[in-house]
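Worksheet: the structure to be examined is printed underneath.
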Amino acid sequence: MLVRMKIRRINGDERLTHAFPLQAYAFEASPAPLEDAAKYRGYLPFQEDSVTLVAEEDGTSLAAVSAVPMRQNVRGTLHPMAGVASVAVHPLARRRGHVRTLLTRLLGDMRDGGHAVSALYPFRPSFYERFGYVGLPKRRRVTFAPRDLASLVRADLPGEVTWERIGTGYDAYRAFTLRLAERRHGFAVFPDSRAERLRADDAHWVLTARVDGEVAAAATYRITGFGAEMEVDDLLTTTPLSRTLLLQFFARHVDQVEKVTARVAADELPELWATDLEVVTESRTRIPNMNAPMARVLAVAPLAGTAVGPGRVVVEVVDDPFIAGTYLLDGHGGRLEVGGDASGVPRATLRAAGLSALVYGVLDPDELPLRGFGAVPADAGAELRTLFPRAVPYVFADF
Ligand SMILES: CC(C)(COP(=O)(O)OP(=O)(O)OC[C@H]1O[C@@H](n2cnc3c(N)ncnc32)[C@H](O)[C@@H]1OP(=O)(O)O)[C@@H](O)C(=O)NCCC(=O)NCCS
């Protein structure tokens with residue numbers, strides 16, 4: 001069979017014909033009414049910075065992959081991050097290697113463009129593990145009743161809360177998320193063009209708590225009905241006071257909604273927020289549409305300068321098109337130095353997912369051999385453990 005397969009980058013209106021139909025078929029209820037096609041045109045401005053590659057055969061698009069140029073905090077440093085999304089293949093062209101080819105090209109292009117890390121929400125984690133990604137913790141969803149916070153209703157707290165539609169409150173909310181990205185490990189943010197969609201859709205309320213005039217907490221949410229639910233997206237707080245200001249606002253809905261649900265970081269302990277507060281804090285993963293995020297390192301050199309612990313180890317990364325090689329990782333002085341090979345230093349052999357797990361702080365070195373992520377002798381494990389202490393990334397962005 002003669003196959004005329006071509007990979008190319010598409011932009012603008014070509015997304016309507018070459019990418020959106022594949023994505024719509026892969027991710028939405030279908031067949032959709034034909035007039036729905038118009039809604040896709042409305043998405044175009046929000047995708048203008050995304051890099052989309054398609055595999056074409058005789059002019060027909062058979063597979064598409066995209067990367068959103070995002071930024072992500074990794075142990076205190078904000079890095080350009082490739083947010084992989086919208087991976088879809090024509091139903092008659094699956095399992096023919098299209099995504100392997102496209103994704104390898106896409107990640108290489110993004111790495112060459114300065115993206116040191118990449119993250120995504122997988123449909124099946126094992127699929128992306130083959131591409132060097134490792135699982136990160138999933139946000140928890142906390143559920144509680146406003147009546148349990150009744151004691152807060154009349155509390156006199158030194159701060160103020162603003163309540164408005166996201167259409168008007170967007171700028172302050174966006175600025176706050178960008179500030180969090182500077183501080184919180186794992187926090188990932190969209191480029192302006194993509195983030196704008198939140199404002200344009202104007203489908204959320206936004207709640208902002210200010211302390212001494214500065215935004216210290218914020219959350220977007222929706223109310224599903226009278227006597228129903230207040231669905232909070234991410235409960236973004238920086239201090240106990242700012243969190244309590246948001247909880248006080250929720251408490252004022254005691255005669256309006258039965259329960260509040262909110263997403264929180266995996267290391268949050270809502271049962272300690274108030275006395276007599278009944279909470280359910282849960283995290284469920286399910287294939288294909290409720291998975292935890294994954295991330296990987298795309299380039300090692302840009303990680304120099306990362307805040308790390310003491311440790312000195314040689315890591316040989318194998319079996320990866322982007323970061324295969326030998327690196328001396330040295331954490332003396334609290335900042336990572338990345339060098340070439342060295343002798344007389346403990347050595348580990350890692351796959352890309354193994355190094356990524358350590359950099360993101362999600363696995364102990366002893367777990368890596370058990371997961372097939374590398375060979376880590378005890379002396380190298382001890383160095384890696386202090387160099388990359390456990391940490392809990394909070395990805396935030398959904399893509
Ligand atoms: C899932 C999907 C994106 C894979 O694309 P594809 O072009 O068929 O994948 P490839 O043929 O390039 O396979 C790449 C590798 O993953 C393996 N693989 C393919 N599908 C897999 C799956 N569902 N689970 C685990 N591994 C899988 C292949 O064996 C291949 O391994 P190899 O390269 O080491 O030999 C595609 O089949 C699809 O669109 N499915 C329906 C929509 C969907 O689920 N999209 C979710 C994307 S987030």
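Below, all heavy atoms of this structure are taken into account, side chains as well, without hydrogens, waters or symmetry copies. We number each residue from 1, following the sequence as shown. Note that ligands are numbered from 1 as they come in the structure, with each ligand's atoms numbered from 1 the same way.
- For E337, the salt bridge (Lys or Arg N to Asp or Glu O under 4.0 Å) test picks out no residue, with sequence neighbours left out.
- Around the CZ atom of R94, the shell of radius 6.0 Å holds more than 12 heavy atoms that belong to other residues, nucleotides or ligands.
- Between K39 and E28 there is a salt bridge, since at least one side-chain N of the basic residue sits less than 4.0 Å from a carboxylate O of the acidic one.
- We find that R9 and D109 are not joined by a salt bridge, their nearest charged nitrogen and carboxylate oxygen being 4.0 Å or further apart.
- Side-chain N or O atoms of R335 include none that pairs as donor or acceptor with a backbone N or O of A304 at under 3.5 Å.
- Residues of the protein with a heavy atom under 4.0 Å from ligand 1 are A26, F27, V87, A88, V89, R94, R95, R96, G97, H98, V99, R100, F123, R124, F127, Y128, R130, listed by chain and number.
- More than 12 heavy atoms of other residues, nucleotides or ligands sit less than 6.0 Å from atom CZ of R179.
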